[in-house]
Amino acid sequence: MGDPSTPIGRLQALIRIPTVSYADRARTDTTAFEEFARQLAESFPLLHAKLDRTVVLDHGLLFHWRGASDARPVVLMAHIDVVPVEESDTWQHPAFGAEIHDGVLWGRGTLDDKGCLAGICEAVESLLGQGFTPAQDVWLSFGCDEEVMGKAAPEAVRILTERGVEPWFVLDEGGAVAYDAFPGVSKPLAVIGVTEKGITNVRLTVEGRGGHASMPTRMDTTARLARAILRLDQSPFPSSVPEPTVEMFRRLAAHLPLPLRPIARNVDRLRPALARALVAAGPESAAMTRTTTVVTTLSGSPANNVIASRATAGINVRIMVGDTVAGVVDRIRTVVNDKRVKVDIVESNEPSPLSPTDDDAFRLLEATIATTFPDAVATPYVMMGATDSRFFTAICPRVYRFAPFRMTKAQRESIHSYDERIGVDDYLEGVGFYRRLVEGLR
């Protein structure tokens, strides 16, 4: 079951609680979230005794650790909820079993995001046990509905605003100490998200007469929709290289294969060529250069012998820094080029503002990474996914995304998939990162 007196045992206990969130809140098992809060209090008694605790909406948590000063408060973030486990997923070990095999802890949430949450709590608990007081106020914000773009994080921002808190910097999940992150670079990259793409969901709808499948017509609803989808697939957004990616290449220059070093050193002059190279290198690197669209849902006729009177496609759009929701939707309409295809915005978020890389907050993160992961190259990057921290940009200009854990490519691919896992030693290393970060506040 795991020893509850050890950091790993405490993480195991949290992993075993299936805090799955659903967009349809009626499907969410609230008792799991209540059990999580109870287990968290049992595992970290000093944190709960000495920090002020606020429940945010139903199950989110906000803790306030009073420091020697409140002039430059810091927010450390993570989220309690996890994505569902699909029946078709082929886990090597039970998703909520929290089993350890060959020094690796397996389970949903180990990387996304209970590892960060437990790591923060471990660091705080151990520092409290030593009678430590941080130089600045520290807030812990743990959301309960991050995976469904929920309301707990905006509510936490509202509470902090109401209390007059203006964070110096915010740190959430996102980047990692990533292996095999860039072709030809043998060192792990400690990638720190300084912005994240905006997420917008768009629906294409085609309506028509429908009818019996025995009497089809040309360009019916589904055919027209298919043509629209194909046009989008064949017309990707223009590529470019944003400033965080330029800075990444500057930092990687000394670690690239010799033929590529001059390109990296002169990346400002060679941005168009670099953009083309990243697109050619594959979908992961191509996504670093442009807004992306992908069809994720389709619906049409309710029966095999009926021509659909209404066909729809859901498109997930990840909006690049520099683009806007309005501009992206206008381009979709232009590319589809069919007035019978209705284009509607279902929900939208603009890209996050760029956080600075040339000030003391970022330098503190770099220094803490250098001490904890001396073999890694720290670099900013554009985060592809979305985090709760995007809401905190409304009250803080320095929002960073970095999970302090070593992750192979296979581990990164396991997030939101099967076989999610974290190395036991890697987790303990991450706890050390959070300790040093808090100790480094001035």
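Only a predicted model underlies this, so the values are computations on that prediction, with no experimental measurement involved.
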Under a 3.5 Å threshold, yes or no: a donor from one side chain and an acceptor from the other, between [X] and [Y]?
{"X": "Thr387", "Y": "Glu196", "value": "yes"}
{"X": "His64", "Y": "Asp137", "value": "yes"}
{"X": "Asn316", "Y": "Thr296", "value": "no"}
{"X": "Thr19", "Y": "Lys114", "value": "yes"}
{"X": "Asp388", "Y": "His79", "value": "no"}
{"X": "Thr312", "Y": "Ser299", "value": "yes"}

Can a salt bridge be assigned to the pair [X] and [Y] using a cut-off of 4.0 Å between side-chain N and carboxylate O?
{"X": "Glu439", "Y": "Arg436", "result": "no"}
{"X": "Arg412", "Y": "Glu420", "result": "no"}
{"X": "Arg27", "Y": "Asp24", "result": "no"}
{"X": "Arg251", "Y": "Glu366", "result": "yes"}
{"X": "Glu173", "Y": "Arg401", "result": "no"}
{"X": "Asp268", "Y": "Arg250", "result": "yes"}
{"X": "Arg224", "Y": "Asp338", "result": "yes"}

Heavy atoms, side chains only, cut-off 4.5 Å: are [X] and [Y] in contact?
{"X": "Phe405", "Y": "Glu429", "value": "no"}
{"X": "His93", "Y": "Leu105", "value": "no"}
{"X": "Trp139", "Y": "Pro167", "value": "no"}
{"X": "Leu171", "Y": "Leu365", "value": "yes"}
{"X": "Val20", "Y": "Asp29", "value": "no"}
{"X": "Glu147", "Y": "Asp112", "value": "yes"}
{"X": "Arg310", "Y": "Thr221", "value": "no"}
{"X": "Val294", "Y": "Ile315", "value": "no"}

Q: Using the six-membered ring of Phe373, assess whether NZ or CZ of Arg406 lies under 6.0 Å from its centre and within 45 degrees of the ring axis.
A: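 Negative - Arg406 is either too far from the ring of Phe373 or too far off its axis.
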
Q.
Would Arg16 and Phe96 count as a cation-pi pair here, with the cationic atom under 6.0 angstrom from the ring centre and within 45° of the axis?
A. no

Heavy-atom pair with the smallest gap, counting every atom of [X] and [Y]:
{"X": "Cys144", "Y": "Phe33", "value": "O-CE2, 3.6 Å"}
{"X": "Ser301", "Y": "Ala303", "value": "OG-O, 2.7 Å"}
{"X": "Pro356", "Y": "Asp359", "value": "CG-OD2, 3.7 Å"}
{"X": "Val194", "Y": "Pro380", "value": "CG1-CB, 3.7 Å"}
{"X": "Tyr434", "Y": "Ala123", "value": "CB-CB, 3.6 Å"}
{"X": "Pro242", "Y": "Met288", "value": "CD-O, 3.8 Å"}

Using a 3.5 Å distance criterion without hydrogens, assess whether the side chain of [X] forms a donor-acceptor pair with backbone atoms of [Y].
{"X": "Ser348", "Y": "Thr200", "result": "no"}
{"X": "Ser69", "Y": "Ala71", "result": "yes"}
{"X": "Thr324", "Y": "Gly327", "result": "yes"}
{"X": "Gln234", "Y": "Arg231", "result": "no"}
{"X": "Arg203", "Y": "Gly314", "result": "no"}
{"X": "Ser235", "Y": "Leu232", "result": "no"}
{"X": "Arg271", "Y": "Val241", "result": "yes"}
{"X": "Thr291", "Y": "Phe237", "result": "no"}
{"X": "Thr334", "Y": "Asp330", "result": "yes"}
{"X": "Thr195", "Y": "Ser352", "result": "yes"}

Q.
side chain to side chain contact (heavy atoms under 4.5 Å, CB included) for Val104 and Trp106? Distances and angles first, verdict last.
A. CA-CA 6 Å; Val104 176; Trp106 298 71; 3.7 Å; yes

Euclidean distance, [Y] [atom2] relative to [X] [atom1], rounded to 0.5 Å:
{"X": "Ile369", "Y": "Phe433", "atom1": "CD1", "atom2": "CZ", "value": "5.0 Å"}
{"X": "Met248", "Y": "Leu189", "atom1": "CE", "atom2": "CG", "value": "6.5 Å"}
{"X": "Thr30", "Y": "Glu35", "atom1": "OG1", "atom2": "CD", "value": "12.0 Å"}
{"X": "Ile199", "Y": "Arg318", "atom1": "CD1", "atom2": "CZ", "value": "3.5 Å"}
{"X": "Asp323", "Y": "Ser240", "atom1": "CG", "atom2": "OG", "value": "7.0 Å"}
{"X": "Ile332", "Y": "Asn337", "atom1": "CD1", "atom2": "CG", "value": "14.0 Å"}

Q) Can Arg363 and Asp358 be said to form a salt bridge (Lys or Arg N to Asp or Glu O under 4.0 Å), step by step? A) CA-CA 7 Å; Arg363 282 188 280 273; Asp358 59 352; over 6 Å; no

Q.
Would you say that more than 12 heavy atoms from the other residues, nucleotides or ligands in this model lie under 6.0 Å from the CD of Glu166, or not?
A.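 No, the 6.0 Å shell around CD holds no more than 12 heavy atoms from other groups.
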
Q) For Tyr418, does the OH atom sit with more than 12 other heavy atoms under 6.0 Å from it, leaving out its own atoms? A) no

Extract all donor-acceptor atom pairs below 3.5 Å that involve side chains of residues 54-62 and protein atoms in other chains or at least two apart in sequence.
unit_1: Thr54; atom_1: OG1; unit_2: Arg163; atom_2: NH2; d: 3.1
unit_1: Asp58; atom_1: OD2; unit_2: Arg25; atom_2: NH2; d: 2.7

Q: List the steps and the verdict of side chain to side chain contact (heavy atoms under 4.5 Å, CB included) for Leu441 and Trp168.
A: CA-CA 11 Å; Leu441 297 176; Trp168 177 41; 4.2 Å; yes

Q.
As a quick check of understanding, evaluate salt bridge (Lys or Arg N to Asp or Glu O under 4.0 Å) for Lys151 and Asp145, giving each step before the final call.
A. CA-CA 7 Å; Lys151 298 179 180 179; Asp145 51 12; over 6 Å; no

Q: Please find out if less than 6.0 Å separates the ring center of Phe362 from that of Phe169.
A: no

Q: Not counting sequence neighbours, list each pair that qualifies as a ring pair (Phe, Tyr, Trp, His ring centres under 6.0 Å) and has a residue in residues 268-314.
A: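 Checked against ring pair (Phe, Tyr, Trp, His ring centres under 6.0 Å) - neighbours excluded - no pair reaches residues 268-314.
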
Q. What do the steps show when you test Tyr400 against Val170 for side chain to side chain contact (heavy atoms under 4.5 Å, CB included), and what is the final call?
A. CA-CA 6 Å; Tyr400 302 107; Val170 173; over 6 Å; no

**Q.** Steps toward side chain to side chain contact (heavy atoms under 4.5 Å, CB included) verdict (Leu117, Leu40)
**A.** CA-CA 10 Å; Leu117 189 151; Leu40 199 70; 3.7 Å; yes

